[in-house]
Amino acid sequence: MEVYQHFRKEEQPFIDQVLSWKDQVERSYIPKLTDFLDPREQEIVQILLGTSQDELQVEAFGGSKYSERKRMMIAPIYETLTEDMFQVELLEASYPEKFVSLEHRDVMGAFLSQGVKRKKLGDIMISEGKVHLLAAREVVPFIKLNLTSIKKSRISFKEQSLTSLIVKKEAWKEYDKTISSLRLDTVVKEIYGISRKDAATFIQKLHVKVNYRVVDDVKFQLQAGDMLSVRGKGRSKVVEIRGRSKKDKIKMTAAILQ
């Protein structure tokens with residue numbers, strides 16, 4: 001199919017899923033609500049459905065305008081969409097910050113250990129002794145009943161209004177780089193200021209993600225718009241490929257999350 005040529009091979013199953021959603025809505029005239037999608041998945045939905053559809057509309061909501069993970073609604077153009085239709089709920093729990101140090105991965109691990117699928121969970125925020133979790137409405141009763149401890153700390157989740165959500169505004173700092181290639185190990189080396197050997201080690205140990213998925217191939221070719229994360233070193237993204245220099249080096253603009 002011609003549409004596949006604009007995407008990576010590993011994205012094809014998700015493309016098929018999106019096209020299936022489109023057909024479903026067009027046949028039934030009933031809005032389709034997705035699970036939580038990461039930003040790359042949201043971008044694919046918008047590319048496939050959001051710009052050239054005369055009969056469909058596509059909207060996204062994840063709790064606030066700053067949410068990273070969002071549910072999306074594919075609906076007939078005449079349908080009036082409201083935030084409540086996205087069925088996003090905020091759960092809040094407190095923990096003894098003086099005695100327990102919680103990180104995102106601690107909370108995520110606790111949820112996954114209970115059998116909750118990642119696609120049912122939105123963003124997780126931890127600040128000043130509070131954990132805020134955005135979740136699909138249908139799993140809220142299960143979470144409240146079963147998730148009673150994180151990192152040996154007793155915890156109790158209660159539903160709260162979305163207006164009380166802890167909001168983190170991300171700040172990115174851009175840098176212009178000149179690199180020899182768009183190989184993953186080369187780009188990681190340049191962005192994070194480490195050796196090529198260390199970059200390769202991070203990748204081979206499955207500590208590097210591209211567009212929210214682990215990539216273990218040092219030769220993986222990056223492109224503009226790709227989001228990277230390296231365990232323990234934070235997140236970055238390839239903002240723009242600006243062509244080549246006189247010495248035939250690739251001119252790239254990258255950004256690092258501050």
Side-chain angles (χ1 to χ4, degrees), residues 11 13-93 104 107-108 110-112 114-127 130-147 157-170 211-213 225 227 235:
E11 294 174 331
F14 183 69
I15 292 169
D16 291 338
Q17 179 69 78
V18 175
L19 295 177
S20 174
W21 292 336
K22 172 180 178 291
D23 291 342
Q24 178 183 332
V25 176
E26 288 177 336
R27 289 196 310 269
S28 67
Y29 302 102
I30 299 173
K32 168 63 182 178
L33 176 62
T34 74
D35 289 316
F36 284 96
L37 305 179
D38 65 43
R40 175 56 181 166
E41 291 170 331
Q42 295 167 40
E43 182 181 32
I44 291 173
V45 173
Q46 289 289 357
I47 291 172
L48 293 175
L49 306 182
T51 57
S52 60
Q53 299 297 320
D54 296 328
E55 298 181 356
L56 297 180
Q57 58 178 317
V58 180
E59 297 292 340
F61 181 68
S64 83
K65 66 179 181 179
Y66 299 106
S67 296
E68 180 177 88
R69 293 176 59 80
K70 298 177 181 179
R71 303 187 82 173
M72 299 191 79
M73 185 79 73
I74 305 165
I77 195 69
Y78 54 78
E79 192 83 28
T80 299
L81 304 182
T82 64
E83 288 185 358
D84 187 64
M85 292 174 67
F86 289 85
Q87 301 180 31
V88 175
E89 300 290 344
L90 171 61
L91 293 174
E92 179 183 279
H104 184 281
V107 180
M108 178 59 64
F111 280 100
L112 296 180
Q114 292 294 329
V116 181
K117 294 182 179 179
R118 182 67 179 101
K119 64 183 180 179
K120 296 297 182 182
L121 305 178
D123 291 355
I124 296 171
M125 282 72 65
I126 304 170
S127 179
K130 289 185 178 180
V131 177
H132 274 189
L133 170 79
L134 291 156
R137 184 174 296 164
E138 60 266 27
V139 299
V140 167
F142 179 87
I143 292 172
K144 291 169 63 178
L145 181 63
N146 292 280
L147 191 64
F157 278 95
K158 297 180 180 179
E159 294 173 65
Q160 299 288 352
S161 168
L162 289 174
T163 57
S164 63
L165 177 65
I166 299 170
V167 175
K168 289 188 177 181
K169 300 179 183 179
E170 294 185 340
N211 295 328
Y212 309 92
R213 289 162 179 77
M227 183 78 69
R235 295 165 57 191

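Predicted model, so just to flag it, every value in this text is computed and none were measured. Count residues from 1 along the sequence.
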Hey, what do you get for [atom1] ([X]) to [atom2] ([Y]), rounding to the nearest 0.5 Å?
| X | Y | atom1 | atom2 | answer |
| --- | --- | --- | --- | --- |
| Arg118 | Phe36 | CZ | CZ | 9.0 Å |
| Phe14 | Arg40 | CZ | CZ | 10.0 Å |
| Thr80 | Gln57 | OG1 | CD | 8.0 Å |
| Met72 | Lys32 | CE | NZ | 13.0 Å |
| Glu89 | Arg137 | CD | CZ | 4.5 Å |
| Glu79 | Ile30 | CD | CD1 | 10.0 Å |

Provide the closest heavy-atom pair for [X] versus [Y] in the form atom of the first, atom of the second, distance.
| X | Y | answer |
| --- | --- | --- |
| Phe157 | Lys144 | O-CG, 3.7 Å |
| Phe142 | Gln114 | CZ-O, 3.3 Å |
| Arg71 | Ala136 | NH1-CB, 3.5 Å |
| Ser127 | Ile166 | CB-CD1, 4.0 Å |
| Val88 | Leu162 | O-CD1, 4.0 Å |
| Arg235 | Tyr212 | NH2-OH, 3.6 Å |

Please identify which of these residues, Lys70, Lys119, Arg69, Arg213, meets the side chain to side chain donor-acceptor pair (under 3.5 Å) condition with Asp38. Arg213
Residue of the set Leu165, Leu121, Leu91 for which side chain to side chain contact (heavy atoms under 4.5 Å, CB included) holds with Leu134: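 When Leu165, Leu121, Leu91 are each tested with Leu134, the side chain to side chain contact (heavy atoms under 4.5 Å, CB included) holds only for Leu165.
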Evaluate the side-chain proximity of [Y] to [X]: yes if any heavy-atom separation is below 4.5 Å, no if none is.
| X | Y | answer |
| --- | --- | --- |
| Leu33 | Gln87 | yes |
| Leu49 | Trp21 | no |
| Lys130 | Glu92 | yes |
| Leu133 | Ile143 | yes |
| Gln17 | Thr34 | no |
| Val25 | Pro31 | no |

Between Asp35 and Lys120 (side chain of the first, backbone of the second, donor and acceptor by atom type, cut-off under 3.5 Å), is there such a pair? no
Strictly distance-based, threshold 3.5 Å: is any side-chain N or O of Glu59 a donor or acceptor partner for the main-chain N or O of Met73?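 Answer holds: no.
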